[in-house]
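See structure below.
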Amino acid sequence: MKRLIFCLTAMLAVAACQERVETTPAEVTAQIREFAAEQCGVPSDQPNFQPGYLEVIDLSHDKRPDFVVDYAAIRCGGETSLLCEGDGCRREIYVSDGRGGYGLAYGRTARGFELDLEQAPPVITATLAGEACRKAPGVQPSSPTPVCEKRFVFDPIQLVFIEKPRGGQATEKPAGPTPPED
């Protein structure tokens with residue numbers, strides 16, 4: 001009996017996982033796969049999507065799913081993640097525009113990443129390294145690999161995360177639909 005319950009639970013978990021993947025919008029799936037394939041390079045090293053690469057949230061509060069992509073959970077072939085480098089791993093957040101489309105609200109390489117959905121508006125605290133920190137306050141510009149922590153606040157009008165220093169005004173540079181830093 002216990003084995004039957006275990007098997008049914010496992011089948012339901014697999015079905016839920018497959019349903020989630022199948023309901024990811026085509027434009028989001030295409031962007032994730034394109035970036036991963038580009039980073040993997042060799043055609044024989046196809047991206048291998050591990051559990052945890054995609055988290056479904058409701059960031060824009062439009063009752064449509066929004067997606068957090070963690071490239072640390074995507075492997076090139078059977079190797080450990082080649083999508084992560086010395087500056088960290090890329091994270092992206094795709095947000096529904098409420099009209100059926102999706103946009104990149106956040107896309108950066110980070111050593112550490114925390115999304116706080118309890119704050120209004122939601123906040124990302126990211127530990128960044130390298131060029132992203134060269135001009136950050138308190139960072140030695142001559143450091144070979146400077147490390148800094150930055151905050152990004154979600155703008156529900158523009159549907160992007162905007163860098164906002166602690167206690168300061170938001171900068172004009174969104175952390176979203178900009179070309180990858182990598």
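Fair warning: this is a prediction, and the values are worked out from it, not measured in the lab.
In this view, Q50 and N48 satisfy the side chain to side chain donor-acceptor pair (under 3.5 Å) rule, not counting sequence neighbours. Evaluation of the side chain to side chain donor-acceptor pair (under 3.5 Å) rule for D70 yields R91 as partners, not counting sequence neighbours. Among residues two or more places apart in sequence or in another chain, the salt bridge (charged side-chain N to carboxylate O under 4.0 Å, His left out) test is passed with D97 by R99. Among residues two or more places apart in sequence or in another chain, the side chain to side chain contact (heavy atoms under 4.5 Å, CB included) test is passed with Q119 by D116, V123, R151. Take F154 and apply the ring pair (Phe, Tyr, Trp, His ring centres under 6.0 Å) test, not counting sequence neighbours, and it matches F161.
Note that CD1 of I74 is 8.0 Å distant from SG of C40, once rounded to the nearest 0.5 Å. To the nearest 0.5 angstrom, E114 atom CD is 10.5 Å from I124 atom CD1. How far OG1 of T125 is from CD of E149: 5.5 Å, rounded to the nearest 0.5 Å.
Here the shortest heavy-atom pairing between A73 and P51 reads CB-O, 3.9 Å. The shortest non-hydrogen separation linking A126 to F152 is CB-CE1, 4.1 Å. Taking both residues in full, the closest heavy atoms of A72 and C84 are given as CA-SG, 3.7 Å, listed atom of the first, atom of the second, then distance. The two atoms that bring D58 and R64 nearest to each other are OD1-O, 3.6 Å, heavy atoms only. Taking each heavy atom of L159 and A105 in turn, the nearest pair found is O-CB, 3.3 Å.
At a cut-off of 3.5 Å, with distance as the only test, a side-chain donor of Y94 or Q31 sits close to an acceptor on the other residue. Between the side chains of Y71 and Q39, no donor-acceptor pair is found at a separation under 3.5 Å.
Taking the six-membered ring where the residue is Trp, the centroids of Y106 and F113 are separated by under 6.0 Å.
Legend: salt bridge (charged side-chain N to carboxylate O under 4.0 Å, His left out) pairs involving residues 152-161, not counting sequence neighbours: none detected.
Between F67 and Y102, the ring planes are tilted. Angles from 30° to 60° get that label.
Criterion: ILVMFWY side-chain heavy atoms under 4.5 Å apart, direct or through other members. Under it, V153 and I57 are not part of a common hydrophobic cluster.
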Would you please test L54 and T24 for side chain to side chain contact (heavy atoms under 4.5 Å, CB included) and show each step? CA-CA 10 Å; L54 186 68; T24 305; 3.5 Å; yes

Check your understanding: Stepwise, does the side chain to side chain contact (heavy atoms under 4.5 Å, CB included) test hold for D87 with L128?
Key -> CA-CA 7 Å; D87 291 347; L128 307 176; over 6 Å; no

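Here the side chain of D66 pairs no donor or acceptor atom with the backbone of I93 at under 3.5 angstrom. Between the side chain of R111 and the main chain of G86, a donor-acceptor pair closer than 3.5 Å is present.
Counting heavy atoms of neighbouring residues, nucleotides and ligands inside a 6.0 Å radius, atom CD of E34 does not exceed 12 of them.
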